[in-house]
Amino acid sequence: MEKRGDIPKVSAKILSHPYVQHLHRVIEDLVKKVESLEQKVSEQAEEIAKLKKVPKKPDLKASKLDEDNKKSKTGKASREGQKQRKKKKDLPIDETRKIQASDVPEDWILVGHKPYIIQDIIIRRNNIKYEREIWESPDGKERIIAALPESIAGRDFGEELRRYVISLYNECHVTQPIIRAHLTNLGVDISTGGINFMLNEDVHNEVFADELLDLVEQGIAVSDELRTDDTGARHKGKNGFCNCLNTDLFTYFVSSQTKSRVNFLDILQVKHKDYHLNEAALIYLRAQKLSPKYMKILELHEGVVFGDEKALKGFLNESKFTAEYAVRTITEGLMIGSLIEHGFDPQKIIHSDGAGQFNLFIHALCWKHVERPLVKLRIHNDKQQEQWDKKMNDFWQLYQDLKDYKTVSPLAQKRRKAKLEKRFDELCEPVENFAALNNFLEDLCKKKQQMLIVLETPSASLHNNSTEREIREFAKRRKISGSTRSDKGRKFRDVFTSLKKSCKKLGVNFWDYLYDRIKGENKIPPLADILLQKAHAASS
């Protein structure tokens, strides 16, 4: 909430005068114009800061909707895992060293040992020389040389070092030059090119990329809701974007130069890159009010499948579909047709901050994002302050009651549903002489269906905090590295960051997972299988 100006009190009669109301509207319009100009100046300053690589903190305050839940009964802040635990209980022992006592009299008897446990690690160079047997035929014309393990064949560095480098870069955010300096201090002879090869060029890394796609495909299939958001992610010195797809069982990052709806649908397709002109595609195109002259041609080709983007472009050119909006809309429709054809549930919830590219299928909005314009409203007098306080309190209380609604029995939900809908309608009722607040309430009323999806699907989220927490990873990377320089660098940054966060959700140790896959042991089951087991366990 903006701090209100010091405006003298006036009577309600004066405020209700048409001329005063007109002036009030003019002032509100001017305020909006000033705010728009301030926003443009802020964006330009931010762009200059990016070019100069000057970090800037976002000008956003945390929502207070959940503030009361962050305190314990004693009034002190509490958080998960704060309870004290016995740190050395059941700690595995890797080495035992016995210490002899000094100055012990000769007639004393040793009766035992008193344990004292410390935790330590070993970080040192470990160069390995493989002596490969050479066998020669009796006539000396043929030789057999012992084969190297597959995980090191053709490489200059072992599995442990490769795991260490990938972990330092992707889990600890250490830059490549600093990794090289660190390894050089340990006695490892390595160049930044060698480090870059491990991170981005090694063909074995495709194993991780393929497993991530399997994981995401399975995760989308078993999830009723997908939470999503995007953030800036510069690439090759240009502004780009990174989209985050998030559930309780996986996290998926995909970077690109655009954040269009076509790009988001491409992310949802995962491995499928075809285009289906089926009934689902036509339904979408009709809903988007595509021109009849296009619809007639498309309806004649219902059932056609285009194997890739090149085939689709050929069809569009042949049909003389050149208008930008038509090409974009048709592409979106055919991608939706492909999703449905490959088993995507059209009743799946897409939860976002309200950005247009995410407005697909069952679209749910984040209450905390919707609240932000209300918080930023300018207050000009005591009457407006009173009106603002009431609407904010009603908004906050309805949010809390919706949270409670998610936890009660289906019978109790049935009894509460109509009352909660009515309270939302009452929240949207306009007030007198506060045009800016009424504009917010009018916009809020239009979002009713997207904000009350929880009444039909109690498992739906009320906010998108989890995705915003996940996506902070890229805010940290921007401050450290600025931008990626190669397409492979961007790809495997997304791959390993996605796997790191997904492993944590699935209860898999990322450090052990890296070694297991690099070594080729595959003792850890495929992550897609672990996700499926956890999804079944959660639903049973």
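Since the structure is predicted, the reported quantities are computational estimates derived from the model, not experimental observations.
A salt bridge is absent between Arg478 and Glu473; no separation between the charged side-chain nitrogens and carboxylate oxygens falls under 4.0 Å. Looking at Arg416 and Glu421, no side-chain N of the basic residue comes within less than 4.0 Å of a carboxylate O on the acidic one, giving no salt bridge. Under 4.0 Å is where a charged nitrogen must lie from a carboxylate oxygen, and between Lys447 and Glu442 no such pair does.
Rounding to the nearest 0.5 Å places CG of Asn465 at 4.5 Å from NE2 of His463. Taken to the nearest 0.5 Å, the NE2 atom of His276 stands 10.5 Å off from the CZ atom of Phe306. Atom OG of Ser36 sits about 9.5 Å away from atom CD of Glu38, to the nearest 0.5 Å. With rounding to the nearest 0.5 angstrom, the CG atom of Leu245 is 5.0 Å from the CG atom of Leu226.
Considering every non-hydrogen atom in both Lys271 and Asp214, the closest pair reads NZ-OD1, 2.6 Å. Closest of all the heavy-atom pairs between Arg490 and Thr484 is CB-OG1, 3.7 Å.
The cationic atom of Arg472 (NZ for Lys, CZ for Arg) does not lie both less than 6.0 Å from the six-membered ring centre of Phe253 and within 45° of the ring axis. Remark: Lys296 is not positioned above the aromatic ring of Tyr294, lacking an NZ or CZ atom under 6.0 angstrom from the ring centre and at most 45 degrees off the axis.
Taking the ring centroids of Phe434 and His380, they lie at or beyond the 6.0 Å cut-off. You'll find the ring centres of Phe344 and Phe361 inside the 6.0 Å limit.
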